[in-house]
Amino acid sequence: MAQNKRETLVMKFGGTSVGTPEAIRFGLEIVRQAQKDWKHVVVVSSAFSQVTDALYQSAVQASRGNLTVFEQTYQMLKKRHFLAVEELINEDSLKLQTLSTVTELLTLFSSLVQAISVLGEASPRALDTVVSMGERLAVTVLAAAFSDAGIKTQAVDASQIIVTDNQFQNAAPLFDLTQAKVQIGLLPLLEAGFIPVVTGFLGATEEGIRTTLGRGGSDYSAAILGVVLEAGEVWIWTDVNGVMTADPRLARDAETIPVLSYREVSELAYFGAKVLHPKTIRPVVEAGIPLRVLNTFDRTKPGTLIQEQLSEKEIEISSNSTIIKAVTAIKGVQLITVEGRGMLGVPGVAARIFSAVATTGATVPLITEASSEQSLCFAVPVEMAACVIDVLEKTLADEIYRRNIDRVWASEEVVIVTAVCPHMRHKLGVAGKVFSALADHEVNVLAIAHGSSEVSISLVVATQDLETTIKALHGLTR
Ligand code: ADP
Ligand code: ASP
Ligand code: MG
């Protein structure tokens with residue numbers, strides 16, 4: 001049996017999958033099962049559900065002199081992690097030791113927030129250290145619970161093995177350095193038969209300063225480790241039955257998609273399918289590692305398999321049966337339009353516009369041709385719109401003064417709805433069907449863009465049309 005085992009499996013558990021003692025029990029069974037088929041298993045864990053948000057808010061509010069959120073968060077963290085220890089760990093000395101580590105982390109959290117409150121400032125660097133507490137607490141409890149259940153395991157702080165650049169809150173991994181650290185920090189554990197339980201979401205700079213990989217980044221952590229460990233597969237355990245035809249919170253009749261290509265899932269993740277962090281895909285694509293998205297709470301479901309190429313048969317099935325494969329939405333964006341009759345005559349204006357936007361740190365999920373050729377239009381998150389307009393008015397002051405540019409303005413809050421249409425290039429009339437469905441539901445489309453890899457169409461619609469748009473397009477998935 002042992003010779004038939006596959007080599008290395010990396011499994012990531014999301015916030016809901018570790019958020020309660022019951023959920024951790026499901027995880028425990030999953031790990032036990034995986035051990036039967038895989039020689040090495042690496043577990044990556046998120047913070048307990050809702051913990052990261054609470055940690056952020058504690059720090060941000062403390063920087064404004066308000067410690068109420070911190071006090072509530074401290075109590076919440078203590079209660080939930082103590083409860084998990086109480087319920088999951090029977091062995092007295094392990095229980096005591098785990099409670100003491102949890103208490104140490106809570107004390108550290110308290111000192112950090114007090115310091116932020118005294119300074120009156122929560123820098124991105126300080127925020128990363130504060131929010132790292134969520135995953136550090138989670139792996140402490142998880143590893144102890146696994147040990148108590150007889151699984152040979154060890155908690156690992158990813159700041160010891162994942163090396164990143166110093167872009168705090170949105171750090172990028174440095175693969176070569178990470179590989180070297182994994183050789184020292186993870187491989188010996190695996191060789192000695194341990195299951196490492198690694199903090200998702202976290203890393204550290206070469207100097208050892210804590211960083212995070214961006215919200216929802218534990219999926220990315222699993223992909224990074226999968227690549228450096230040359231894993232056979234990476235599995236993402238979450239609270240739904242895989243990647244679905246729409247967010248089940250928005251479309252109750254959403255169905256699981258059994259197989260997706262990397263390109264299709266990239267498009268879905270990039271355009272709002274929270275089930276997978278968009279950056280997760282790239283490392284696994286490059287390494288050709290299959291990725292599965294599975295439901296922690298229902299292991300009988302096959303979930304979604306994401307791989308490089310679909311088989312001929314899968315392509316045929318999906319191109320015959322559906323017009324579009326899935327629908328996603330990004331809420332809370334505004335369209336910024338730069339318009340003016342003289343704009344197109346000004347050399348390099350688009351490059352200057354996007355360089356200026358980049359200085360604000362705003363993400364631009366969509367760039368589109370607006371109705372007239374004399375304008376450029378793109379989406380930014382609502383909270384960045386004022387800042388983007390301000391920067392653009394300054395950068396383009398000359399053109400505005402000369403009337404080459406008439407105005408820079410922001411739309412109301414809108415949503416981007418994306419339809420993933422895998423066979424758009426080979427199939428006639430996909431766009432036509434999409435627009436007819438929208439017209440039938442009387443949805444007014446404010447702007448349109450084709451996805452980056454020709455497998456999707458994105459539409460901008462008014463926020464109040466979100467539900468109808470999802471319904472109209474979701475009808476084309478079957
Ligand atoms: P985790 O904590 O496990 O990482 P997330 O909340 O980050 O979980 O992601 C899972 C959630 O993603 C689901 O509960 C679901 O509401 C949402 N979601 C959005 N779009 C999709 C989709 N197309 N398929 C499945 N889930 C989706
Ligand atoms: N805990 C982190 C977050 O909530 C990372 C993750 O859950 O993937 O953003
Ligand atoms: Mg997630």
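Order of appearance sets the numbers: ligands from 1, and atoms from 1 within every ligand. Computed from a prediction, not measured in an experiment: that's the story for all the values here. Just so you know, these numbers use all the heavy atoms, side chains as well, and skip hydrogens, waters and symmetry mates.
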Enumerate the pairs of nitrogen or oxygen atoms, one from ligand 1 and one from the protein, separated by less than 3.5 angstrom; state names and distance to 0.1 Å.
| unit_1 | atom_1 | unit_2 | atom_2 | d |
| --- | --- | --- | --- | --- |
| ligand 1 | 2 (O) | Gly15 | N | 3.0 |
| ligand 1 | 3 (O) | Thr238 | OG1 | 2.7 |
| ligand 1 | 4 (O) | Lys12 | NZ | 3.0 |
| ligand 1 | 6 (O) | Lys274 | NZ | 2.9 |
| ligand 1 | 8 (O) | Thr238 | OG1 | 3.3 |
| ligand 1 | 12 (O) | Val275 | N | 3.4 |
| ligand 1 | 14 (O) | Asp239 | OD1 | 2.9 |
| ligand 1 | 14 (O) | Arg249 | NH2 | 2.9 |
| ligand 1 | 16 (O) | Asp247 | OD1 | 2.8 |
| ligand 1 | 16 (O) | Arg249 | NE | 2.8 |
| ligand 1 | 23 (N) | Met244 | O | 3.1 |
| ligand 1 | 24 (N) | Met244 | N | 2.9 |

For a side chain to side chain contact (heavy atoms under 4.5 Å, CB included) check, start with the C-alpha distance between Val156 and Val197, then their side-chain angles and the critical distance, and finish with the verdict. CA-CA 6 Å; Val156 175; Val197 182; over 6 Å; no

Which atoms of ligand 2 have any heavy atom of Thr52 under 4.0 Å away? 1 (N), 2 (C), 3 (C), 4 (O)

Is the centre of the Tyr220 ring less than 6.0 Å from the centre of the Phe201 ring? no

Carefully, step by step, assess Thr205 and Glu207 under the rule side chain to side chain donor-acceptor pair (under 3.5 Å). CA-CA 5 Å; Thr205 64; Glu207 296 75 33; 3.2 Å; yes

Value rounded to 0.5 Å, distance of OG in Ser458 from CD1 in Ile448: 10.5 Å

Counting each atom of ligand 2 from 1 as listed, which ones have a heavy atom of Ser46 under 4.0 Å away? 6 (C), 7 (O), 8 (O)

Mind checking what makes side-chain contact (heavy atoms from CB on, under 4.5 Å) contact with Leu112, not counting sequence neighbours? Leu108, Thr129, Val130, Met133

Considering only heavy atoms from C-beta outward, does the side chain of Val265 approach that of Leu276 to under 4.5 Å? yes

Show which atoms of ligand 2 fall inside a sub-4.0 Å distance from at least one heavy-atom site of Arg215. 3 (C), 4 (O), 9 (O)

Flag Gly214 as yes when one of its N or O atoms lies below 3.5 Å from any N or O atom of ligand 2, and as no otherwise. no

Regarding Asp37 and Arg6, does a basic nitrogen lie under 4.0 Å from an acidic carboxylate oxygen? no

Decide whether the shortest distance between a heavy atom of His277 and an atom of ligand 2 is less than 4.0 Å. no

Pair Arg125 + Asp128, salt bridge at N-O below 4.0 Å: no

